[in-house]
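What follows is a single structure, written as structure tokens, with notes after it.
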Amino acid sequence: MEQDLKELKIELSKNGIFTTTLEEIYNWGRKNSVWPLTFGLACCAIEMIATTMARYDLARFGAEVFRPSPRQADLIIVSGTVTKKMAPQVVRLYNQMPEPKYVIAMGACAISGGPFRDGYNVLKGIDRYIPVDVHIPGCPPRPEALIHAFMTLQKKIDEQALRGADRPRHLQADLPSEFPVPAFGAHGLEPAQNDEVFLAEQGNPLKVIQ
Amino acid sequence: MTPLPSPEEIKTLIEAGVPGATVTVIANGSPSAQHSLLLDHEHARAVAEFLRDHAELKLDFCSLVTGVDWPDTETTAKVKVKKLVAGPDGVEQEQEVEETRKTKVPGYLEAVYHLFSMGKKHGPVVLRLRTANRTDGTHLPSLTPVWRSAEFQEREAFDLYGIVFDGHPDLRRILMWDGFVDYPMRKDYVPPEDDILVTGVKA
Ligand code: SF4
């Protein structure tokens, strides 16, 4: 059925008739105007800033408008070391963003604690508290890597079906859009991770988009 | 630029200027040869003021305060002792026996101050203060009233090593949050078990 429709569309377009679906228009619009939050945490943020400048020009992907308020942002690029003292604020910022919202964890620090993972003060990956869409390894990842992550995210947005059980979180009323903010405990953050979100803890493999 | 007097000379100056103060020169064997002066708690404030106001030294800038943790150590030594030992015939005889003896050297916490002179352009003079032990006697006199620049760094040493600076105007944790109870830079600090490499599910 899907395949038939696709072929029909191609056939029609060959004859000068343009057809589309609401889903396609909706996702096309969303993926080309992802507005990131103006937000950087450590050295990786410098690479993120470079990505937005003329040489790498993130504006080509419709993401040049870094919003200084979470209320206007669609994407949070966690670029840098998340200290335990900062982690609750990162989760809070994410909670304040309206759906649909996405997360890129940029750099070794944001995905696992990186060079500081044995330290007493660094969170071992922001995916413990918020759902991360794209992980970028590297210390720091080059702007090309961030652009690649961005294109990966665009692909992900483009592939989201608006109906069916797989539809994105913002179209499922019973799924949460806010996540518990960890509290400062006597020895570290409490809880140490949110088991609902933290895939590694559930033994789930991460979905790889190629 | 005036050459800085040697630690021994500074010690003599202090002992002349602050009656009763005990100063020990702690030699540094490394190539840097930055010898330091260990002060006693009671006179530390007076010595600090003396160093700051002395016409020749004028150590008006404290560039660094840091903590050092010296954990309890245990040394084992073999000692020969004379003892009464029962011989094969049942008669006790005095014999030399080797025994291993363990001596516990209690650890302490240390605060280190680096002083410079802006006017005289010399330094550093390194001061040390040692606590009585690592558990209940972790108090030191604060030198913040003498050098304001020590305020945040003494707070840091309090936060990370648990050194309590008496006389500090605002002794609170500075890097960790208020409810935190550990002292993470102490050598026996155990971080919380939150590593997935330990607790995670193996693929
Ligand atoms: S991953 Fe490397 S470059 Fe990025 S924030 Fe961490 S230490 Fe800095």
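Predicted model, so just to flag it, every value in this text is computed and none were measured. Excluded from the calculations below are hydrogen atoms, water molecules and symmetry mates; all remaining heavy atoms, backbone and side chain alike, are included. Letters A, B, ... are given to chains in the order of the sequence lines, protein chains preceding strands, and every chain is numbered from 1.
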**Asked** Which answer fits Met176(B), side chain, backbone, both or neither, if we ask what part of it has an atom under 4.5 Å from a heavy atom of chain A?
**Response** both
**Prompt:** Any idea which of Phe180(B), Trp177(B), Tyr189(B) has the most non-hydrogen atom pairs under 4.5 angstrom with chain A?
**Reply:** Trp177(B)
**Message:** I'd like to know whether OH of Tyr26(A) has more than 12 heavy-atom contacts from other residues, nucleotides or ligands below 6.0 angstrom.
**Reply:** yes
**Prompt:** Counting only heavy atoms not in Asp166(A), do more than 12 sit closer than 6.0 Å to its CG atom?
**Reply:** no
**Side-chain heavy-atom pair Asp178(B), Phe184(A) within 4.5 angstrom cut-off** = no
**Item:** Of Asp182(B), Val190(B), Leu160(B), the residue whose pairing with Tyr120(A) passes side chain to side chain contact (heavy atoms under 4.5 Å, CB included)
**Value:** Leu160(B)
**Fill in**
Nearest heavy-atom approach of Lys85(A) to Ile174(B) is NZ-O, 3.6 Å
**Fill in**
Closest non-hydrogen contact found for Pro192(B) with Lys84(A) is CG-NZ, 3.9 Å
**Message:** For Glu42(B), I'd like to know if atom CD has over 12 heavy atoms of other residues, nucleotides or ligands within 6.0 Å.
**Reply:** no
**Message:** Within the supplied structure, the quantity of interest is the number of heavy atoms (other residues, nucleotides, ligands) at a distance under 6.0 Å from Arg163(A) CZ; does it exceed 12?
**Reply:** no
**Prompt:** Under the salt bridge (Lys or Arg N to Asp or Glu O under 4.0 Å) test, which residues partner Glu151(B), sequence neighbours left out?
**Reply:** Arg148(B)
